[in-house]
Amino acid sequence: MTGRNVDPQLTANVADFLFEEAGLLDERQFDQWLDLYSEDAIYWVPANRLDAEPDEQVAIYHDNYARLKERLARMRSRRFWAQNPPSRTTRTVSNVRIRSQGELLEVESRFILVELRHGRSTTFSGLYRHRLRESQGDYRICRKEVLLIHNNEPFYNLTFIF
């Protein structure tokens, strides 16, 4: 099943899950956010190209679960100068579509994220691709790809989580 053949209730449930993920990030509830991920998860933000695998190109982020835990520990540290003071973010997630169903749900959605840091507002936008595994009536993220529409442009300071 893809696109229009998907149960609307499933799409609504998945959308609610993605909205919850976005809210946890904006509220800096990083432990709860990480709980949404499976221990075999991959978090990938490619640079320059959108048509390659993470091991084949340079990435803005390419983290497994352990690396995400390390990143979050650094973000909580008082010695993480790149986020002192921390960025404030707000994001909107929309156009949620289930692209395939099976052992994993493959989901695409669009996002707009605004970061405020040192009085400067920066907008990021693009496509999220999530692979979700059902787990005890909920979902776990097995893979998240963040495809920025301007991933080949210079960035000021990317030290927050998309």
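- Checked by atom type, the side-chain pair Glu108/His130 shows no donor-acceptor distance below 3.5 Å.
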Checklist entry - Run the side chain to side chain contact (heavy atoms under 4.5 Å, CB included) check on Ile112 and Val93 step by step: do they pass? => result CA-CA 7 Å; Ile112 297 174; Val93 177; over 6 Å; no
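- Residues Ile141 and Ser38 are not in side-chain contact: their nearest non-hydrogen atoms beyond the backbone lie 4.5 Å or more apart.
- Salt bridge Asp40/Arg133: present, at least one basic N to carboxylate O contact under 4.0 Å.
- The shortest distance between side-chain heavy atoms of Val114 and Arg91 does not fall below 4.5 Å.
- Residues Tyr37 and Leu72 share a single hydrophobic cluster, defined by chaining ILVMFWY side chains whose heavy atoms lie under 4.5 Å apart.
- With hydrogens and angles left out, the side-chain atoms of Thr89 and Asp26 include a donor and acceptor closer than 3.5 Å.
- Remark: Leu116 CG is packed, more than 12 non-hydrogen atoms of other residues, nucleotides or ligands lying under 6.0 Å away.
- For the pair Leu18 and Val96, the minimum side-chain heavy-atom distance is below 4.5 Å.
- Salt bridge Arg129/Glu145: present, at least one basic N to carboxylate O contact under 4.0 Å.
- By the 4.5 Å heavy-atom criterion applied to side chains, Ser121 and Glu115 are not counted as neighbours.
- Electrostatic pairing of Lys144 and Glu21 counts as a salt bridge here, judged by a charged N lying under 4.0 Å from a carboxylate O.
- Contact annotation: the side chain of Tyr43 never approaches that of Arg71 to less than 4.5 Å [non-hydrogen atoms, C-beta and beyond].
- By the rule that hydrophobic residues join a cluster once side-chain heavy atoms approach within less than 4.5 Å of another member, Phe30 and Leu113 end up as members of one cluster.
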